[in-house]
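So the structure is just underneath, and the comments pick up after that.
Nothing here was measured: the structure is a model prediction, and the numbers come from that model.
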Amino acid sequence: MPIDSQTSTHQSINETVQRIWGYDKLRPMQERAILAGIEGRDCLTVLPTGGGKSMCYQVPPLITGKATIVVSPLIALMRDQVRGLELLGYKAAAMHSGIDYEESTDIAKQLLTGDLDLVLAAPERVLTGSFKTLIGLLCDHDRLGCIAIDEAHCISQWGHDFRPEYRRIAEIRKVAPNVSIQAFTATATPKVREDIVRQLGLRDPEIMIGIFDRPNLIYRIQSREKASEQIAAAVARHSAAGETNGAIVYCLSRKDTEKIAGELRELGLDANAYHAGLDVSKRHNIEQAFSNETLDIVVATVAFGMGIDRSNVRLVVHASMPKSIEAYQQETGRAGRDGLDAECLLLYSPSDGGRWERLIEQSAEQNGSDPKAQLELVRGMRRFVASFGCRHKHLSEHFGQEYAAPEGREDCGACDVCLGETAQEEDAHRIGQVIMSAVARTGERFGAGHICDVVRGGNGQRIKSYGHDTLRVHGMLENRRKTEVMSFIDQLVAAEALVRVVDDRYETLAFGECGVSVMKGIETIELAKPIGTGSEKSERNRRTRASRVIERRPMNTGEKELFESLRALRMSIAKERNVPPYVVFNDSTLREMTLDKPSDRHALLSIRGVGQKKLDDFGSDFLQAIEHHLIQESATADE
């Protein structure tokens, strides 16, 4: 593209983004992805949740005048995205199983006549004969600019959310051979990225990888003791800090969601369970209530969080270990999408990993697939929860990126390890030797649970039948709790002193690369005490540190009052327009209004997130609210 043309395109992009979305600049990867869409080039864009992926495929139609079709797997997400775009004055629609034939036909006509710039469609819909015919007609009329594939990691068996129907999306290329395909995802390791490119048949694609680290997220991992009480304590600390925004609690099973939601209600919290076993209308009502901020806490299976785009979730809790680091990154990504600080709490038990592995093996046996890739993902997650290093650094390096601490700091300052909430085990040298010796003396033929029972002095029938009650190491850690010893074993696996060997569904422990050195005392593996396993005094101190809510730029009392009044105004407008509050303005935009206190339309338009359409629709209401607050504040000061 000639330099003059490039300059003109960049200018058009910036003017459009400022006018429609109210952003004065784009992130570097966003602009590159938008340019690829405008120029009709295939690309793969990997940006973390909250990194602005949707704008990458929303902007090109406004520049080229040609429509974009977006393949998206979740109806709830489609609905919210369309409603948000309509508030911006953007012409968009969604085609899915929730609309009737007449509405579907009308959307197709609007696409062909140029009355729609963007249409979101489920993969099942895109693969139908009628939709392929529509794509062909759009190509014949030169109305189709590009096809965007959202959640593209679903196409890879190495990804955490493999969906077989995504494999067929490549069929679209036969119908529209000259139309570019753009793939987007929030989480993809190098192996998954290669698989996406191969499966979609991307032609000489530009591959753009954003920064995976989310510095506004505070990661915490704690030993799971009484899950509901631990969750309630996390909610309470955010409430005490003046945060009344939503929380998502992820559970492994439907039964768990019902149990924990019920226990949270008994503790006085506003919580509902959400899972596929609920009827459609009830699920929809819960989605709406949470999105509209009339429900505080949702306790859900993983499918829920993927479909909700509420930007001001301040707390995400995993009530058990996720099945992979990719899943963890994706699910914790629901927190702090507005860029403000948020917490991600993982409650972990050593049994979680085995539970996932059994589920994966059962599923593989039923459908005849190879579970190897999914099992390796579980083991990677096990290593993460057992590690005793910076969480932000571990996540960045997992996705192939070097981690850089925030300017002026030597560590992240935003995880339990770097905040000093974890405690180092003083007797790590001896504990490592005892556990390694137990594995050796039992012939590397038994699993973690059995080894734990041996070193804790168990006298069950199984231990006696093998003669393990006569071993020298028997009972050497009898004063340690089971959860504590199991955590130590996990940490030794993470440090590669031990490895887990799975054979015919049974998991055993064997020596890893440095196992012999640890057993002989030549090498010491640092071990951390999981929260909940120390003395009463040490636990009290650690829990006090862990109860802090990190807020990098705290508001004073007057600013908090103004912020809450703007939130109340936003809620009123959202109810009137029947849209989620965050699509009016997100919390980050309201926070900037609170701190800057704009006094006229020009100043309000300079706030990030205020575009021309929203200025025209809501600007006077927010300016009046700010002025009213300042008058009241002045009057109070004069008294």
Salt bridge Asp587-Arg337, side-chain N to carboxylate O under 4.0 Å: no
Flag the pair Asp80 and Arg83 as a salt bridge only when some basic side-chain nitrogen lies within less than 4.0 angstrom of an acidic carboxylate oxygen.
yes
Sorted by chain and number, sequence neighbours left out, salt bridge (charged side-chain N to carboxylate O under 4.0 Å, His left out) with Arg265 holds for none
For Tyr57, the ring pair (Phe, Tyr, Trp, His ring centres under 6.0 Å) test, sequence neighbours excluded, returns Phe184
Q) Got a salt bridge between Glu225 and Arg481, using NZ or NE/NH1/NH2 to carboxylate O under 4.0 Å? A) yes
**Asked** Does atom CD of Gln424 have more than 12 heavy-atom neighbours from other groups under 6.0 Å away?
**Response** yes
task = Establish, from distance only, whether the side-chain atoms of Ser487 and Gln491 form a donor-acceptor pair under 3.5 Å.
result = yes
Hits for salt bridge (charged side-chain N to carboxylate O under 4.0 Å, His left out) against Arg500, two or more places apart or cross-chain, chain-then-number order -> Asp490, Glu507
Carboxylate-amine/guanidinium proximity below 4.0 Å for Glu361 and Arg358 = no
### Main-chain N/O of Tyr328 paired to Thr332 side chain as donor or acceptor, under 3.5 Å
yes
Margin query: One thing to verify: whether Glu293 and Arg570 come together as a salt bridge, which I'm taking to mean a side-chain N less than 4.0 angstrom from a carboxylate O.
Written below: yes
Worksheet entry | His398/Phe384 aromatic ring centres below 6.0 Å | no
Less than 4.0 angstrom from a charged side-chain N to a carboxylate O is my criterion; do Arg214 and Asp341 meet it?
no
Open item on the list: Would Glu229 and Arg224 count as a salt bridge (charged side-chain N to carboxylate O under 4.0 Å, His left out) here? Give the steps.
Closed with: CA-CA 10 Å; Glu229 292 181 11; Arg224 186 171 67 250; over 6 Å; no
When Arg254, Glu258, Glu287, Lys282 are each screened for side-chain hydrogen bond (donor to acceptor under 3.5 Å, both in side chains) with Tyr274, the one that passes is Glu287
Only one of Lys372, Lys323, Arg382, Glu326 passes side-chain contact (heavy atoms from CB on, under 4.5 Å) with Leu377, and that residue is Glu326
Next on the checklist: Under a 4.0 Å threshold between the charged nitrogen and the carboxylate oxygen, would Glu343 count as salt-bridged to Arg237?
Outcome noted: yes
* Are Lys560 and Glu564 within salt-bridge range, i.e. N to O under 4.0 Å? -> no
